[in-house]
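Remarks on the structure that follows.
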Amino acid sequence: MSLVQLNHQIQHGIERVLGIRITAVGPDFLCGEMPVDERTQQPFGLLHGGASIVLAESLGSLASHLVVSDKPGARVAGIEVSGSHVWSVRSGLVTGVARPVRLGRSVHFWRIDVHDQENNLVCSAKLTVKVGGSGDSLD
């Protein structure tokens, strides 16, 4: 899939609301960015930790989708996400990079690191994604 197609695919939900866009895809990573503005800041003007987690889960889930997209009827769903917030950001853009830790047949594990524009680590997240077929329950 091209970057245009990927960005079109994610512009129907929370990714659109938060301004998330995919910026690069490689053989072992997916990269995206999100603005730090009134949509993604907490009341004290800092990047909301929940927004960082949305970016992380969006990138990891989309990456899992790309891994299994050649399998007819394959579906993915994030089942667990956690993150450590280690640096604060007030404005600009943050960039997340999702890299696989393990890609099994039914479960994918991802690490997603989010950095600010000065390359400070803002959030380090882990995501578990359930992979199933069209007949499997993912709910």
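For this chain, numbers begin at 1 and follow the sequence in order.
- Gln117 places no side-chain N or O within 3.5 Å of a backbone atom of Gly92 that could act as its donor or acceptor partner.
- Atom-to-atom distance recorded for Arg99:CZ and Ile112:CD1 is 11.5 Å, nearest 0.5 angstrom.
- Linking ILVMFWY side-chain heavy atoms closer than 4.5 Å, directly or via other members, places Ile22 and Leu66 in a single hydrophobic cluster.
- The shortest non-hydrogen separation linking Val97 to Cys31 is CG2-SG, 4.0 Å.
- No single ILVMFWY cluster, assembled from side-chain heavy atoms under 4.5 Å apart, contains both Trp110 and Phe29.
- Tracing side-chain contacts under 4.5 Å through hydrophobic residues (I, L, V, M, F, W, Y), one reaches Val68 starting from Ile10; they form part of the same cluster.
- Through direct or relayed side-chain contacts under 4.5 Å between Ile, Leu, Val, Met, Phe, Trp and Tyr, Leu121 connects to Val86.
- Every residue meeting the side chain to side chain donor-acceptor pair (under 3.5 Å) condition with Ser58, not counting sequence neighbours, appears here in chain and number order: Glu15.
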Go through the steps to decide whether Gln9 and Asn7 satisfy the test side-chain contact (heavy atoms from CB on, under 4.5 Å), and finish with yes or no. CA-CA 5 Å; Gln9 186 171 5; Asn7 281 301; over 6 Å; no
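- Under the 4.5 Å side-chain heavy-atom criterion for Ile, Leu, Val, Met, Phe, Trp and Tyr, Ile14 and Leu127 are members of the same hydrophobic cluster.
- Of all the heavy atoms in Gly96 and Leu55, the pair that sits closest is N-CD2, 4.0 Å.
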Applying side-chain contact (heavy atoms from CB on, under 4.5 Å) to Leu46 and Val89, what does each step give before you reach the verdict? CA-CA 6 Å; Leu46 300 174; Val89 182; over 6 Å; no
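- Residues Gly78 and Glu57 approach most closely at CA-OE2, 3.7 Å, considering heavy atoms.
- Of all non-hydrogen atoms in Ser52 and Val122, the two that sit nearest each other are OG-CG1, 4.5 Å.
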Step by step, would you call His48 with Gln41 a side-chain contact (heavy atoms from CB on, under 4.5 Å)? CA-CA 5 Å; His48 194 291; Gln41 292 167 328; over 6 Å; no
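- Within the 4.5 Å cutoff, no side-chain heavy atoms of Pro100 are placed close to those of His108.
- Under the 4.5 Å side-chain criterion, counting only non-hydrogen atoms from C-beta, Val94 is not in contact with Glu33.
- Under a 3.5 Å cut-off, the side chain of Asn120 and the backbone N or O of Asp116 do not form any donor-acceptor pair.
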As a quick check of understanding, evaluate side-chain contact (heavy atoms from CB on, under 4.5 Å) for Val25 and Leu6, giving each step before the final call. CA-CA 10 Å; Val25 179; Leu6 289 173; 3.4 Å; yes
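- Interatomic distance, Arg105 CZ to Lys71 NZ, rounded to the nearest 0.5 Å: 9.5 Å.
- Considering all non-hydrogen atoms of both residues, Arg16 and His12 come closest at CB-N, 4.3 Å.
- Heavy-atom neighbours of Glu80 CD from other residues, nucleotides or ligands within 6.0 Å: at or below the threshold of 12.
- Counting heavy atoms from C-beta outward, Asp113 and Arg111 have side chains that approach closer than 4.5 Å.
- The line from OG of Ser61 to CG of Leu30 is 10.5 Å long, rounded to the nearest 0.5 Å.
- Put simply, Leu103 and Phe109 are part of two different groups of oily side chains (I, L, V, M, F, W, Y) that touch within less than 4.5 Å, one to the next.
- With hydrogens and angles ignored, the 3.5 Å screen pairs a side-chain donor or acceptor of Gln11 with a backbone N or O of Ile20.
- Taking each heavy atom of Ala56 and Ala125 in turn, the nearest pair found is CB-CB, 3.6 Å.
- With rounding to the nearest 0.5 Å, the separation of CZ in Arg75 from NE2 in His65 is 12.5 Å.
- In terms of the side chain to side chain contact (heavy atoms under 4.5 Å, CB included) criterion, residue partners of Thr40 (sequence neighbours excluded) are, by chain and number, Leu18, Met34, Val36, Asp37, Leu47, Ala51.
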